[in-house]
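Excluded from the calculations below are hydrogen atoms, water molecules and symmetry mates; all remaining heavy atoms, backbone and side chain alike, are included. Every chain is numbered from 1 and lettered A, B, ... according to where its sequence line falls, protein lines coming before strand lines. A quick note: this is a predicted structure, and the numbers were derived from the prediction, not measured.
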Protein chains: 2
Amino acid sequence: MSSTVEDSRQEGRRAPMAKSERTRTRILDAARELFNERGTAAVSTNAIAAEAGISPGNLYYHFSDKRQIIRALQEQIVGHHENRWEPSSDAAENLAKLRENVMAAMGVAWEYRFFERELLALLRADEELRAVYTEVHERRLGEWLRFGEQLVAQGVMREPGPPRSLADLGVAMWLIASHWLSFLESREMPATRPRLRGSVI
Amino acid sequence: MSSTVEDSRQEGRRAPMAKSERTRTRILDAARELFNERGTAAVSTNAIAAEAGISPGNLYYHFSDKRQIIRALQEQIVGHHENRWEPSSDAAENLAKLRENVMAAMGVAWEYRFFERELLALLRADEELRAVYTEVHERRLGEWLRFGEQLVAQGVMREPGPPRSLADLGVAMWLIASHWLSFLESREMPATRPRLRGSVI
DNA sequence: GTCTATATCGCGATAGAC
DNA sequence: GTCTATCGCGATATAGAC
């Protein structure tokens, strides 16, 4: 369920949802689930409504468009990645944080795996989506770089030798983190929590 | 164009194609191109026919189904990966082969990037596709393992320390090779040949 | 082999009742 | 806010002429 990820970084106690807000959320959950299974293009708004347990028409009260649904899901993803990678002056703490963040990134990548998968097509089809994506990832890579430099400075990690850079390492880690669980799934090894833990070290 | 990949492993001189065969090939090329751009579900058979320069009806003379087209593309992919990873007794030769194969894998992954991207959805939607996929990848991983063990035995490579194994390393390399170019593309750094070379070392 | 024409279906999106 | 009904469109797949 969505809760696996949902809980990790939200405020401890959630404000009671308005009725409208709850429906909106159920639509997004349903859409995410179906997108992951079949891909965005193969999922009709009708199917989303059915999965969410509402009428087709009602869906259009909350979202003007399928694209709007995808954009809303993107916002959720961005939210999940916010405010990690603040480097600490304590080396052990940073190492723990590194592990935790890679785990978290894997979890998010899994729950929203349709997004990484269809990334290029999605970005091509929606300029607004692309704008947000580029901006966020620019920022994220910068954060990772500062964090990585700190790790190197603290002797927790060796800098990769030329011609490879810290940025390259970041990219490689990002690629692995975002696709590892999907890979397991494709090999018919269902991605369970313990398996996730086992994947990180 | 497709030739980038097409040429790499085929017999030196291609037999002259029958008219039927040529149309079939043009359909597959068109489909691959469009699938990569927009994703399989978003591409109609009409669009494929148009891109291939034939009529919608004609397409159904050559393929009974969109699924059949995808299956045919899968066969091409499998063909491109056949007969690499035969370990040699010469260490330098193996190292060169490792590089060459990673490059080649990247190239294929790029030309057929829709396939990796939509993998889970595709496998879920087509039992036959899944059967071929599992079988081929089982075999492939075995080949890589024997190759990797040879590299270790020849002192070209260190075995990763526990709890990571040679198989894990293979998976990580596979993930990177299959997604690296797509990643570059998503960052708006178009994947050119030189960039490919630069990516491998 | 290839074309044009067409039947059938399901999707996206809106209108209007409750 | 939510539903049902419906319009218009485009997609798949087939039929039949050339």
Q: Could you list the residues that satisfy side-chain hydrogen bond (donor to acceptor under 3.5 Å, both in side chains) with A/Asn36, not counting sequence neighbours?
A: none
Q: Indicate whether OP1 or OP2 belonging to C/dT2 is found under 4.0 Å from a side-chain N or O atom of B/Tyr61.
A: no
(Q) List the residues meeting side-chain hydrogen bond (donor to acceptor under 3.5 Å, both in side chains) with B/Glu75, not counting sequence neighbours, and say none if there are none. (A) none
Q. What class does the angle between the rings of B/Trp174 and B/His81 fall in, given that below 30° is parallel, 30 to 60° is tilted and above 60° is perpendicular?
A. perpendicular
Q) Under 4.0 angstrom, heavy atoms only, what part of the nucleic acid is A/Ser64 near: base, sugar-phosphate, or nothing? A) nothing
Q: Quick one: sort the A/His137 and A/Tyr133 rings into parallel, tilted or perpendicular, breaks at 30° and 60°.
A: parallel
Q) To the nearest angstrom, how far is A/Arg22 atom CZ from D/dT2 atom C1'? A) 14 Å
Q: Using only side-chain N and O atoms of A/Ser20, determine if any of them is under 4.0 Å from OP1 or OP2 of D/dG1.
A: yes
Q) For residues 44-54 of chain B, which residues have at least one heavy atom under 4.0 Å from DNA chain D? A) B/Ser44, B/Thr45, B/Asn46
Q: Can you sort out the partners of B/Arg139 under side-chain hydrogen bond (donor to acceptor under 3.5 Å, both in side chains), two or more places apart, ordered by chain and number?
A: B/Glu82, B/Glu135
**Q.** Rounded distance (Å) that lies between atom P of D/dT12 and atom CZ of B/Phe63
**A.** 15 Å
(Q) Once side chain to side chain contact (heavy atoms under 4.5 Å, CB included) is applied, do any residues pair with B/Ser55, and if so which ones, sequence neighbours excluded? (A) B/Asn58
Q: Return the value, rounded to whole Å, for the distance between atom CG of A/Leu34 and atom C1' of C/dC11.
A: 15 Å
Listed pairs, N/O of protein and of nucleotides 5-9 of chain C, under 3.5 Å:
none

Q. Can you check the B/Tyr60 OH to C/dT2 P distance for me, whole Å?
A. 17 Å
**Q.** Presence of B/Asn58 side-chain N/O under 4.0 Å of C/dG1 phosphate oxygens OP1/OP2
**A.** no
**Q.** Spacing of A/Lys66 atom NZ relative to C/dC11 atom C1', expressed in whole Å
**A.** 9 Å
Q: Would you kindly give the NE2-to-P distance between B/His62 and D/dA13, to the nearest whole Å?
A: 16 Å
**Q.** Interatomic distance, B/Leu59 CG vs D/dA15 C1' [rounded to whole Å]
**A.** 17 Å
Q. Salt bridge (Lys or Arg N to Asp or Glu O under 4.0 Å) with B/Asp168: which residues, sequence neighbours excluded?
A. B/Arg164
**Q.** side-chain hydrogen bond (donor to acceptor under 3.5 Å, both in side chains) involving A/Gln68 - partner list, sequence neighbours excluded
**A.** none
Q. Excluding sequence neighbours, so at least two apart, what forms side chain to side chain contact (heavy atoms under 4.5 Å, CB included) with B/Ser20?
A. B/His62
